[in-house]
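Notes follow the structure.
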Amino acid sequence: MDLTMNLLLAIATFVVAVMGDITHVLDEINVERKTELKKLPESLQEDAKLSTSEMIKKYGYPCEDHTVVSKDGYVLKMHRIPYGRSGPSNNRSAVYVQHGFLCSSVDWIISGPGKALGYYLADAGYDVWLGNVRGNTYSRKHTKWDPKKDAKQFWDFSWHEIGMDDIPTMVDYVRKQTGQDKIFYIGHSQGTTVSYVMLSQKTEYNSKFRAVISLAPIAYMGRVTSPFLKTFSLFEHYTEWIVNMLNIYEFLPRTGNVAAAGGWLCKHSMFQKLCAESLFTLCGYNREQMNITLVPVIMSHTPAGASIKQFLHFVQEINSEKFRQWDYGIVYNRVKYKRWSPPDYELENVKAPVYLYYTHNDWLAHVEDVEKLASELGNLKGKFLCSDKNFNHIDYMYGIDAPTLVYNDILETMKKH
Ligand SMILES: *[C@@H]1O[C@H](CO)[C@@H](O)[C@H](O)[C@H]1NC(C)=O
Ligand SMILES: *[C@@H]1O[C@H](CO)[C@@H](O)[C@H](O)[C@H]1NC(C)=O
């Protein structure tokens, strides 16, 4: 199964590579993860192996693990940094931070104290909760199903289910644990998508947030420029058909080392790079903001796991240019939704105060798509176009200048609430 998926990805990526500039870019990154890792200082080599909570403790911050179970049985793990260098106090506002597609809680701490958003918020006096949604490294568990043996059941979800179940479950847990009626929400990429799903569908959640901060917001995707995603979207029905035929449920299975497990295609060096660096293939690579030293460490933790259905739902968004529920095709839509096409997520129902952070060089959250989202949200409080024209989708997590370009601004915004 892994082999087939990698084959599929390799073919698609090959097309992209031939059409675009990807190979060149990836060559520049020059990551054969393992060899690169060995060249790093020992401490960073160790970081490649540590879990989120182990790493947080290693860098001298307190960390707690918290486990919750979604209504439909997914076992979700959150990491909490209750306070930072400023020390403990009992009036710290809670902030829930939600990662994006293929990512995990680790991405909020991986660039280290003084740089990563997780530490940044803790040092600024917040009680930081890092969520992990179903299917990723930390939430790859279900009360009934095994992700491998019961793959068909386990992976049968999209980001709709994440927004309807995982996020409300984790948010309510944080509110209960901290005794705070309203908390902050910071989402990145898919982490914003799921917040809009929740807030538009379960409108009682709007009053549970002091502010919702969206980094690289993803609702409308009609103008996505990622060559990888565009290639797949051209073959939406074909991709769906192949995936169904071959019973592929998990997106880019993380079998320790994708390249090694991926079989013969990935063994050829060009393909090895392409197979392995899915995040860069999807989102692009910004030489000025990416800390090259960190790349092998990042690649040891990412991709962290997601379902094929999540990916295909995004592909549907690209083609439909709508922000709406899963499209079953007209026959089953009729059965499921009692209408021919899936219902839209009503963005005017999002009444929590929302702040949007976006940028010119984002392959996924295009400026015009974000503007469209902005015009429809029920209570938009502000939108900030990044002053660095080259800042891209993943720089919100790892960008060298993310603290000065984005995080400081987030803190200012949070102070207003
Ligand atoms: C928490 O309390 C400290 C000292 O009592 C105060 O300086 C700080 O502004 C308070 N923080 C919040 C978020 O209320
Ligand atoms: C890159 O990452 C390493 C390891 O965390 C760090 O020591 C270094 O200061 C970083 N470089 C920049 C420019 O942030």
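Sequential numbering from 1 along the given sequence is applied to the chain's residues. Ligands are counted one by one from 1 in listed order, and the atoms in each one are counted from 1 as well.
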Leu44 neighbourhood, listing ligand 2 atoms whose heavy-atom distance to it stays under 4.0 Å: 4 (C)
Heavy atom of the protein closest to atom 1 (C) of ligand 2 (residue, atom name, distance): Asn291 ND2, 1.4 Å
Distance filter under 4.0 Å to Leu294 heavy atoms, resulting ligand 2 atoms: 2 (O), 5 (O)
Phe157 six-ring face occupied by Arg134 cation (under 6.0 Å, within 45°): yes
Distance in Å, Met221 CE paired with Phe323 CZ, rounded so as to fall on 0.5 Å steps: 10.5 Å
Criterion side-chain contact (heavy atoms from CB on, under 4.5 Å) against Ser158, the qualifying member of Gln316, Gln325, His313: His313
Lys182 atom NZ, over 12 foreign heavy atoms within 6.0 Å: yes
Nearest-contact summary for atom 14 (O) of ligand 2 - protein heavy atom, Å: Lys115 CE, 3.3 Å
